[in-house]
Amino acid sequence: MSSDINATTAAKNEVVTTLISTLNDAQCQAVTTPAQSVLVLAGAGSGKTRVLVHRIAWQIQVRNVSMHSILAVTFTNKAAKEMRGRIEALLQVSARAMWIGTFHGVAHRLLRSHTKQAKLPDTFQVMDSADQLRLIKRLLVTLNLDEDKWPPRQIQWHINAQKDEGIRAKDCIAGYDLYQQNLLKIYQAYEALCERSGLVDFGELLLRAHELLRDNPDVLRFYQQRFNQVHVDEFQDTNAIQYAWLRLLTQGQDNIFVVGDDDQSIYGWRGAKIENIYSFQKHYPDHQVVKLEQNYRSTGMILKAANAVVANNEGRMGKALWTASADGDPIALYAAFNEQDEAYFVVERIRSWFNDGGKYSDVAILYRSNAQSRQFEERLMTAAIPYRVYGGLRFFERAEIKNALAYLRLIANRHDDASFERVINTPTRGIGAKSLEDMRTIARELAISMWSAMMVLLDQGHLSGRANNALLAFAQLIKNLDQLVEGSELYEKVQLVIEKSGLLEFHEKEKADKGDEKVENLKELVNAARLFDFDSNLEGMENLSELDMFLAYATLESGDMQADDFDECVQLMTLHSAKGLEFKLVFLVGLEEGLFPSQQSLDDVGRLQEERRLCYVGITRAMQYLYLSYAESRRLYGRESYPRPSRFLREIPAECIQEVRLRAEVSRPVTAIKPKSASLQTAGQYRLGQRVSHVKFGEGVILQTEGAGDQERVQINFRQVGIKWLMLAYAKLDVL
DNA sequence: CAACTTCAGTTTTTT
DNA sequence: ACTGAAGTTG
């Protein structure tokens, strides 16, 4: 008997050892602490996911917590997937029973499990932001509001912002401000429309999930007791409603384990509240703070630069990354003549990296705004270097896919107005603006769905023969599809719908190139349906049909399909989408005032600090080599600008930076610039892009030259005083 | 209904 | 400067 106990103790000790043997002290502390509420401040590259994964494993293996009692929330499906995968790899078991998902995914699951208490119809569907925008546009028409005075995108932004703050239309106080009153009216009408269409937008998922717990004590108690500890990834990105939801769930027990980094908070503009980290310490008084500061990713030089930049921010929790590895190469800084030269330089370096045996997939070009990608794409293209740009249209967001899904949604829920409007005349079947307008009026007046309105219209029989037939045919089509599809496999349903709806034919007839791709995508959709892993036993989702599950999946996990092909390509992406990734060789480009930091953030301290954190994120993506660059002259929005180098460059210690220059002839081939005349190419010894020094104005770069002989003038961008025209005959310039 | 023209907007993005 | 979307015509 006692030997049995000894044996299990020994076994347990071994488990403990394997779990923590690979962790450093701080990580180990975070994983093993008995504290109920824990705040892990995890610097970039400090093993944040590792801690989260090991903590969960620790609960299960050492504290004998049931997998059923594990909840972990992330922001992206990618992160959730990775976490699940790593836990499974570590524990060598299926992590199916654990609730690991995005905030939206978990909220969705809760709502499906408790549709009654959440006051939702069983058939409710999730709509994405494109659907939402469509719905809003339509709403504006019915409310007789001019789209120019009420820009749909701003309305959408406003509604989402309210929801992110947990504010319903009934909680709004508009006062006497006419504008506010109208906004409120729109918000109210939008809520009503969603209600009768059975549609739930992304913000609504979170808001409803919060209200579900808040207003149903028994439901709340059930989940409070069920989850042993609530784990949260990227805590600095939580918004007000997400945090409120977490607080409800952990109320009384304070069983919450959050991991975050205040220095990497870059989503303030979409409602993330960095303050939640500070509030956490107030709301959970017995919490323990663990700082992870050892970095396993970058060289000493890169970390030094990153630390120095972010040190310029106020009100930080305070953290300094360090590494046990070497200083590495200094950070290279390239002052490009213009944006084309910048791209040329970067691509040249990538080429030599590859020639020296480096892999393309280890290289990333990071920029502040998407518009910057073009120059690099063009250069990479001519250099025949494979590349991939992040952030394009995702699979489930493509028009043809959304069309197909809209038919499926209409089959699942006839009152889904967003889907109805999308497919009523796609492919074209002779239902014009007039008939639509009539339906909208009826729908509004009777407060019914468009589908019901169509039925009313058909019953009335006031329509012209042609319109009547067209509508009748459409109604019949949907009903037929519904019957036809009954009882068949999911992929067969998809297949049948794209064929019988005429969508396939519609896209086949389209202009050669484009249509082909769309047809391919539609086939891919059938394939996705075939591969769809429908887990009918998934707790809480028992009542959901496979089709409903697939539709929810398409909306909530639309990014899933493009994530995998990382292979052998140079990666181009914005700084925002680079968060969480790492690359051996990183180019951080466009470091110019007005571009990065962006123009819009220059006059606001808070936003500027967020830009700085973005810079910190960018720098810390690099493992071995980091190149920074800026252009002396940049063509942006059709206008030539001469930006000053970014302030962030000055915040990096000089000893970390080494200026680099390609040989002049190589860096500016004649084709790279568009001279206005041949004589502009050179001005004696003064070439375009030549660095010069002036007695009074200091250092600068030659941008343009004009005239000849005594009349020759040069335009110079001085670092200190900006752009100046100087007469060559008088200016005393030294070539640098 | 498709081809053409004009016109505003133009940081960052997930769910 | 460029793009995507809305409006206008044949």
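Letters A, B, ... are given to chains in the order of the sequence lines, protein chains preceding strands, and every chain is numbered from 1.
- Among B:dC1, B:dT10, B:dT12, the nucleotide with an atom closest to any side-chain atom of A:Tyr637 is B:dT10.
- Remark: C1' of B:dT15 and CH2 of A:Trp245 are 14 Å apart, rounded to the nearest angstrom.
- Taking the P atom of each, B:dT13 and C:dC2 are spaced 22 Å apart, rounded to whole Å.
- For the pair A:Arg607 and A:Trp269, the NZ or CZ position fails the cation-pi test of under 6.0 Å to the six-membered ring centre and within 45 degrees of the ring normal.
- Side chains of A:Cys194 and A:Glu204 form no contact here, defined as non-hydrogen atoms less than 4.5 Å apart.
- At least one cation-pi condition fails for A:Arg647 and A:Phe596: the charged atom is not both under 6.0 angstrom from the six-membered ring centre and inside a 45 degree cone around its axis.
- Side-chain nitrogen and oxygen atoms of A:Thr76 include none within less than 4.0 Å of the OP1 or OP2 phosphate oxygen of B:dT14.
- Remark: A:Lys137 is not in phosphate contact with C:dA5, judged by side-chain N or O atoms under 4.0 Å from OP1 or OP2.
- The side chain of A:Arg368 lies closest to B:dT11 when the candidates are B:dT13, B:dC1, B:dT11.
- OP1 or OP2 of B:dT13 sits under 4.0 Å from a side-chain N or O of A:Asn370.
- The distance from atom CZ of A:Phe202 to atom P of B:dT14 is 11 Å, rounded to the nearest whole Å.
- Taking only side-chain nitrogens and oxygens, A:Asn77 comes nearer than 4.0 Å to OP1 or OP2 of B:dT15.
- Between A:Ile266 and A:Gly203, it is A:Ile266 whose nearest contact on DNA chain B lies nearer the 5' terminus.
- Separating the CG atom of A:Asp131 from the C1' atom of B:dT14 is a distance of 15 Å, rounded to the nearest angstrom.
- The ring of A:Phe376 has its center no closer than 6.0 angstrom to the ring center of A:Tyr387.
- For A:Glu505, the CD atom sits in a loose shell: 12 or fewer heavy atoms of surrounding residues, nucleotides or ligands are nearer than 6.0 Å.
- Separating the CD atom of A:Gln609 from the P atom of B:dT11 is a distance of 22 Å, rounded to the nearest angstrom.
- Between A:Asp233 and A:Lys48, at least one side-chain nitrogen of the basic residue sits less than 4.0 Å from a carboxylate oxygen of the acidic one, meeting the salt-bridge criterion.
- Less than 4.0 Å separates DNA chain B from at least one heavy atom of each of the following residues of residues 587-602 of chain A: A:Ser598, A:Gln600.
- Applying the 4.0 Å criterion to OP1 and OP2 of B:dT14, one finds that A:Arg394 has a side-chain N or O inside that range.
- A gap of 16 Å separates the P atoms of B:dT12 and C:dA5, to the nearest Å.
- Using a 4.5 Å heavy-atom threshold, the side chains of A:Tyr179 and A:Trp150 count as touching.
- Here B:dT13 presents its C1' atom at 14 Å from NZ of A:Lys78, a figure rounded to the nearest Å.
- For the ring-ring contact (aromatic ring centres under 6.0 Å, His included) with A:Phe75, the lone residue among A:Tyr267, A:Phe235, A:Phe103 that qualifies is A:Phe103.
- Checking A:Arg134, A:Arg138, A:Arg440 one by one against A:Asp417, the salt bridge (charged side-chain N to carboxylate O under 4.0 Å, His left out) holds for a single residue, A:Arg138.
- Picking from B:dT12, C:dA6, C:dA1 the nucleotide with the shortest atom distance to the side chain of A:Arg635 gives C:dA1.
- Evaluation of atom-type donor-acceptor distances gives no pair under 3.5 Å for the side chain of A:Arg607 against the base of B:dT12.
- Distance from the side chain of A:Thr102 is smallest to B:dT15 among B:dT15, B:dT12, C:dC2.
- Considering only side-chain atoms of A:Arg374, the nucleotide from B:dT15, B:dT12, C:dT3 that sits closest is C:dT3.
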List every contact pair, protein side and nucleotides 7-10 of chain C side both N or O, where the distance is under 3.5 Å.
none

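- Side-chain N/O atoms of A:Ser577 include one lying less than 4.0 angstrom from OP1 or OP2 on B:dT13.
- Seen from the ring of A:Phe396, A:Arg398 does not count as a face-on cation partner, given the 6.0 Å and 45° thresholds.
- In this entry the distance linking CH2 of A:Trp269 with C1' of B:dT11 reads 8 Å, nearest Å.
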